Visitor: 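Starting off with a structure, shown below.
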Amino acid sequence: MKNVIVGLGEALWDCLPDGKKLGGAPANFAYHTGQFGLNTLAVSALGEDSLGTETLEELKNKGINYLMPLVDYPTGSVQVELDNAGIPTYDIKEGVAWDNIPFTPELEEVAKNCSCVCFGSLAQRSSVSRQTIQKFIEATPESCLKIFDINLRQNFYTKDIICNSLKQANILKINDEELITIGRLFGYPGLDIENKCWLLLGKYNLDMLVLTCGVNGSYVFAPNLLSFRETPKVEVADTVGAGDSFTGTFAAAILNGIAIPEAHQLAVEASAFVCTQHGAMPKFPKDLIDKIKK
């Protein structure tokens with residue numbers, strides 16, 4: 001696979017009030033980016049169990065290419081509770097397959113041909129997957145777009161993991177609640193939102209910082225550029241996967257040479273659409289796809 005776009009990390013089932021759905025940021029990212037005709041791959045690990053079998057079937061049904069070796073741990077699952085506004089909270093099971101993603105020669109070959117990789121902090125909670133993610137990123141070409149979608153969950157992160165990931169990335173994707181947590185963790189809680197973002201952008205030599213603030217809009221910070229977009233008002237079914245659709249659409253647009261402000265607008269449209277649908281992987285409307293797909 002040449003110029004492959006990789007979602008790297010957790011593969012799991014979101015156990016929602018109305019049933020279970022395949023989730024995990026890497027598969028969501030690969031699915032949404034792939035809707036724009038790009039060569040995508042979801043990378044994780046699965047257990048030799050019924051959920052693992054269902055995962056492979058669902059990936060095939062969704063048309064998602066994958067590299068997910070079977071390991072001697074159960075396939076990941078998450079208990080998801082939704083509040084009255086459709087906002088999820090997560091109970092993420094530990095000691096599962098995606099905590100044990102092996103770094104294989106096949107995966108190293110993928111890394112060498114990677115044009116974009118999206119990774120987070122959650123899959124780095126275990127040393128095995130953390131080392132695999134770090135080795136993968138180190139093996140990518142210099143030109144590879146490396147997106148750190150920070151994705152803080154429960155207590156599954158440390159300052160060291162976040163610092164190391166920021167140093168390896170050239171794009172940070174973060175939400176407003178995560179930004180507050182990072183401000184406290186890094187010792188600058190008094191700064192306002194924009195100053196925190198400019199500080200992170202400069203300190204870690206990032207090309208871009210994407211900040212989403214729920215109903216309060218979203219920002220993209222880049223050297224000498226600030227883009228802000230309001231969040232469209234839509235009837236929310238649930239917000240599961242909305243952030244991943246934003247990241248996937250933004251990445252697809254940037255990779256296809258679309259300027260940051262327009263890429264930002266398209267990402268906002270994609271995320272708003274996903275909020276109107278149930279589950280993390282709805283099919284985008286054709287008119288949205290046509291704005292990016294070459």
Side-chain angles (χ1 to χ4, degrees), residues 1 4-16 19-47 49-71 73-80 88 90 92-93 96-102 106-107 110-111 114 116-125 129 132-133 136 147-151 153 156 173 238-252 267 270-271 273-274 277-284:
M1 299 179 77
V4 65
I5 297 157
V6 172
L8 173 58
E10 63 273 14
L12 46 82
W13 286 85
D14 289 319
C15 300
L16 296 147
K20 69 180 191 296
K21 292 183 171 67
L22 182 63
N28 294 343
F29 174 81
Y31 173 75
H32 289 303
T33 311
Q35 290 196 71
F36 300 104
L38 296 168
N39 187 16
T40 61
L41 188 70
V43 175
S44 189
L46 300 172
D49 50 23
S50 59
L51 275 184
T53 302
E54 285 187 65
T55 302
L56 297 178
E57 291 173 354
E58 187 70 9
L59 290 168
K60 289 171 185 173
N61 289 339
K62 291 287 187 181
I64 302 172
N65 295 318
Y66 59 87
L67 178 57
M68 297 191 184
L70 301 180
V71 296
Y73 295 87
T75 300
S77 64
V78 179
Q79 197 66 40
V80 183
Y90 305 89
I92 304 167
K93 307 305 178 188
V96 294
W98 58 262
D99 286 319
N100 296 277
I101 304 168
E106 186 179 7
L107 186 55
V110 170
C114 184
C116 174
V117 57
C118 184
F119 66 103
S121 62
L122 181 55
Q124 297 186 68
R125 68 181 181 177
S129 291
T132 292
I133 290 169
F136 183 95
I147 304 170
F148 180 37
D149 188 351
I150 194 165
N151 202 21
R153 292 285 185 263
F156 299 131
K173 162 82 177 340
D238 67 55
T239 62
V240 178
D244 299 323
S245 69
F246 187 112
T247 311
T249 302
F250 185 77
S271 180
F273 171 76
V274 170
Q277 309 295 304
H278 289 287
M281 297 185 190
K283 190 172 182 179
F284 286 146

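The structure displayed is predicted, hence computed values, not measured ones. Heavy-atom basis, side chains included; hydrogens, waters and symmetry copies ignored.
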Visitor: Take Y31 and D244, measure what side-chain contact (heavy atoms from CB on, under 4.5 Å) needs, and give me the verdict at the end.
Guide: CA-CA 9 Å; Y31 173 75; D244 299 323; over 6 Å; no
Visitor: I'd like to know whether L67 forms a side-chain contact (heavy atoms from CB on, under 4.5 Å) with L107, so could you lay out the CA-CA distance, the side-chain angles of the two residues, the decisive distance to 0.1 Å, and finally the verdict.
Guide: CA-CA 8 Å; L67 178 57; L107 186 55; 3.9 Å; yes
Visitor: In terms of side-chain heavy atoms, does K173 have a donor or acceptor partner in T247 at a distance below 3.5 Å?
Guide: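 The criterion, which ignores hydrogens and geometry beyond distance, is satisfied for T247 and K173.
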Visitor: Is there a side-chain contact between F284 and V274 in this structure, where contact means two heavy atoms from C-beta onward sitting under 4.5 Å apart?
Guide: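 Of all side-chain heavy-atom pairs linking V274 with F284, at least one is under 4.5 Å.
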Visitor: Contact between V110 and V4 at the side-chain level, heavy atoms closer than 4.5 Å - yes or no?
Guide: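 Yes; the side chains approach each other to less than 4.5 Å.
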Visitor: Output the distance between atom CD1 (I147) and atom CZ (F250), rounded to the nearest 0.5 Å.
Guide: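 I147 CD1 to F250 CZ: 8.0 Å, rounded to 0.5 Å.
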Visitor: Taking side chain as C-beta onward, heavy atoms only, is L41 less than 4.5 Å from I5?
Guide: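 No; the side chains remain at least 4.5 Å from each other.
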Visitor: For S271 and S245, which heavy atoms make the closest approach, and how far apart are they?
Guide: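 Taking every non-hydrogen atom into account, CA-OG, 3.4 Å.
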Visitor: Please report the shortest heavy-atom distance between G24 and D14, naming the atom on each side.
Guide: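 So the minimum-distance heavy-atom pair works out to N-OD2, 4.4 Å.
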Visitor: In sequence, state the C-alpha distance, the side-chain angles, and the governing distance for R153 and N151, and then conclude on side-chain contact (heavy atoms from CB on, under 4.5 Å).
Guide: CA-CA 6 Å; R153 292 285 185 263; N151 202 21; 3.1 Å; yes
Visitor: In terms of side-chain heavy atoms, does S129 have a donor or acceptor partner in W98 at a distance below 3.5 Å?
Guide: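 Looking only at side-chain atoms, W98 and S129 do not form any donor-acceptor pair under 3.5 Å.
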Visitor: Measuring from S44:OG to I101:CD1, what's the distance to the nearest 0.5 Å?
Guide: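 One finds 4.0 Å between OG of S44 and CD1 of I101.
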Visitor: Are F119 and F136 close enough that their ring centres sit under 6.0 Å apart?
Guide: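 No, they do not, as the ring centres are separated by 6.0 Å or more.
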Visitor: To the nearest 0.5 Å, what is the distance between CG on L122 and CG on D99?
Guide: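 That separation rounds to 8.0 Å.
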Visitor: Return the NZ to NZ distance between K283 and K62, rounded to the nearest 0.5 Å.
Guide: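 Here the interatomic distance stands at 10.0 Å.
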Visitor: State whether the number of non-hydrogen atoms from other residues, nucleotides or ligands found under 6.0 Å of F273 atom CZ is greater than 12.
Guide: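 Yes, the 6.0 Å shell around CZ holds more than 12 heavy atoms from other groups.
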Visitor: Can you see which heavy atom on Q35 is nearest to which on P282, and at what distance?
Guide: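 For Q35 and P282, the tightest heavy-atom pair comes out as NE2-O, 3.4 Å.
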Visitor: For residues 20-46, which residue pairs pass the salt bridge (charged side-chain N to carboxylate O under 4.0 Å, His left out) check, not counting sequence neighbours?
Guide: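 Those involving residues 20-46 are D18-K21, K20-E54.
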Visitor: Quick check: do I64 and T40 have side-chain heavy atoms less than 4.5 Å from each other?
Guide: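 Sidechains of T40 and I64: no contact.
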Visitor: Would you say that S77 contacts L12 through its side chain, given a criterion of any heavy-atom pair below 4.5 Å between the two side chains?
Guide: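 When only atoms from C-beta onward are counted, L12 and S77 do not touch, as no gap falls below 4.5 Å.
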Visitor: Which atom pair, heavy atoms only, marks the closest approach of A251 to C116?
Guide: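 Where A251 meets C116 most closely, the heavy atoms are CB-SG, 4.4 Å.
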Visitor: Are any of the side-chain heavy atoms of L8 and P26 separated by less than 4.5 Å?
Guide: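 In short, these two side chains do not touch, never coming nearer than 4.5 Å.
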Visitor: Do E10 and F156 have side-chain heavy atoms sitting under 4.5 Å apart?
Guide: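 A side-chain contact is absent here, since even the closest heavy-atom pair is not under 4.5 Å.
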Visitor: Do you know the tightest heavy-atom contact between L59 and A27?
Guide: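 Heavy atoms of L59 and A27 come nearest at CD2-CB, 4.4 Å.
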Visitor: Quick one: do the D49 and T75 side chains pair a donor with an acceptor below 3.5 Å?
Guide: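 Indeed, the side chains of D49 and T75 share at least one donor-acceptor pair under 3.5 Å.
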Visitor: Does a side-chain heavy-atom distance below 4.5 Å link T55 with Y66?
Guide: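 They are not in side-chain contact.
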Visitor: Taking all heavy atoms of M281 and all of L22, pick out the closest pair and write down the distance.
Guide: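 Heavy atoms only, the tightest pair is CE-O, 4.1 Å.
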